[in-house]
Each structure stands twice: as C-alpha cells, then as structure tokens.
Amino acid sequence: MKMNAQVAIVMGSKSDLPNLRKAFELLNDFGVPYTARVISAHRTPVEAEKFASEAEKNGIKVVICAAGMAAHLAGVIASYTTLPVIGIPMACEPFNGLDALLAMVQMPPGIPVATVTSGKSGADNAALLAISILALSDSALSGKLKDFRKKQTEKVKAADAELQETLKAGNIPS
Ligand code: RP5
C-alpha cells in the first residue's frame with residue numbers, strides 16, 4: 001500500500017475497474033493521494049479483513065468500495081474499520097445493479113455504508129464524497145471543491161444559454 005494514500009478504492013473484481021476510471025481521475029485532479037486494491041468479500045475474505053483492519057493505521061481516511069451482484073464488500077470492509085466507507089453498487093446482469101444497490105444500502109443499524117449512485121456515475125460521486133470528507137480538515141481541498149462546483153454550475157448555465165439561443169433562432173435542438 002502507498003503509505004501516504006488517503007483514499008483507498010477497493011473493487012470486488014478487476015472487471016469493475018473500467019467503471020471506476022472517473023474516481024481515479026477526480027482524486028488525481030484534486031491532488032488526493034489514493035491507492036487501489038482488488039479484494040473480494042467472498043473470494044478473498046482473509047484479505048478483506050486484513051486490508052480493512054489495517055487501513056486506519058496505514059493512513060487511509062476514507063475507503064471507497066465498488067462491487068456488483070451480492071455486493072457485501074463495502075459492508076464487510078465497514079465491519080472491520082470505523083473509517084467512513086463509501087459504496088458504489090456496480091451494475092451486472094441480470095438485475096442491472098439493483099441487487100448490489102440493495103445489498104449495499106440496506107446495511108443493518110450499527111455499520112453504516114454511504115451508498116452512492118449505481119454504476120459509472122457512482123465513481124464520480126464516491127470520489128467527490130470522499131473529497132468532501134477530507135475537505136472537512138483541509139481548507140485548500142475545500143476551496144478546490146467549491147471551485148469545482150462553481151465550474152459545474154457555469155457549465156450547466158452555458159448549456160442552457162446555448163439551448164435558449166437555438167430555440168430563439170427557430171432551430172431544432174439536437
Ligand atoms: C462482484 O461480482 C464484483 O465486484 C463484480 O462486480 C461482480 C462480477 O465479478 P467477476 O465475475 O467479473 O469477477 O463481486
């Protein structure tokens with residue numbers, strides 16, 4: 001494990017990796033050091049326990065867990081650490097992520113998992129939520145997050161302005 005990593009992204013399978021790209025990109029853009037592991041709650045349970053029980057002492061502040069199907073990864077990781085755990089339900093056939101969503105979001109009282117959007121967009125929101133948590137004690141990071149939000153707002157407003165122009169000109173928006 002990279003010793004200065006603050007965020008750990010854990011995925012249940014290498015097949016989840018392509019859907020997590022945005023999380024890596026965002027953490028990178030915000031300058032948040034991260035590490036990543038492939039650990040399966042069912043297929044490598046010993047590694048899951050070891051990783052989670054050592055995460056805090058290894059300097060990790062937030063754990064992001066992505067898993068599909070009977071997605072117990074985030075819950076199992078959360079059961080071995082008091083660090084905040086963010087879960088991304090991955091979409092798999094035949095239930096397209098509903099199975100993973102319910103498995104993650106329906107944690108029993110006492111062991112919370114902050115479950116975000118299912119699938120690819122979950123990677124964005126998991127990284128942004130991890131950044132928000134870190135920003136509580138990092139004012140520079142908090143500033144970057146506020147700038148990010150401002151730019152995002154500007155983008156939507158610009159898109160709306162463009163749409164209004166198209167309509168005003170009597171063109172069909174595409
Ligand atoms: C979960 O099962 C993984 O997180 C993945 O989303 C899903 C399928 O895994 P593979 O069969 O692709 O390894 O544990």
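This structure is a prediction, so every number in the text was calculated from the model and none was measured. Counting starts at 1 for both ligands and their atoms, following the listed order.
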Starting from [atom], find the nearest protein heavy-atom neighbour and note its residue, name and distance.
atom                   : result
atom 8 (C) of ligand 1 : M69 SD, 4.0 Å
atom 5 (C) of ligand 1 : D16 OD1, 3.4 Å
atom 1 (C) of ligand 1 : G68 O, 3.4 Å

### Region of C92 engaging ligand 1 - heavy atom pairs below 4.0 Å
side chain
### Task
Return yes or no for this condition: an N or O of S40 is under 3.5 Å from an N or O of ligand 1.
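No, S40 has no N/O under 3.5 Å of an N/O on ligand 1.
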### Message
With nothing but distance in play, are any N or O atoms of A67 less than 3.5 Å from an N or O of ligand 1?
### Response
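Looking only at distances, the answer is no, because the N/O contact criterion of under 3.5 Å is not met.
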### Query
Using the ring of each side chain (for Trp, its six-membered ring), is H42 parallel, tilted or perpendicular to H72, with breaks at 30° and 60°?
perpendicular
### Task
Examine ligand 1 and decide if any of its atoms is less than 4.0 Å from a heavy atom belonging to R43.
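A heavy atom of R43 does come that close to ligand 1.
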Can you list the atoms of ligand 1 that are under 4.0 Å from a heavy atom of [X]?
X   : answer
S13 : 3 (C), 4 (O), 5 (C), 9 (O), 10 (P), 12 (O), 13 (O)
G12 : 3 (C), 4 (O)
S15 : 9 (O), 10 (P), 12 (O)

Indicate yes or no: at least one non-hydrogen side-chain atom of [X] is less than 4.5 angstrom from one of [Y].
X   : Y    : value
S15 : M90  : no
K50 : I39  : no
D16 : I88  : no
V7  : L134 : yes

### Query
Are more than 12 heavy atoms from other residues, nucleotides or ligands located less than 6.0 Å from atom NZ of K144?
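Result for NZ/K144: enclosed.
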### Query
Would one find more than 12 heavy atoms of other residues, nucleotides or ligands at under 6.0 Å from atom CD of E162?
no
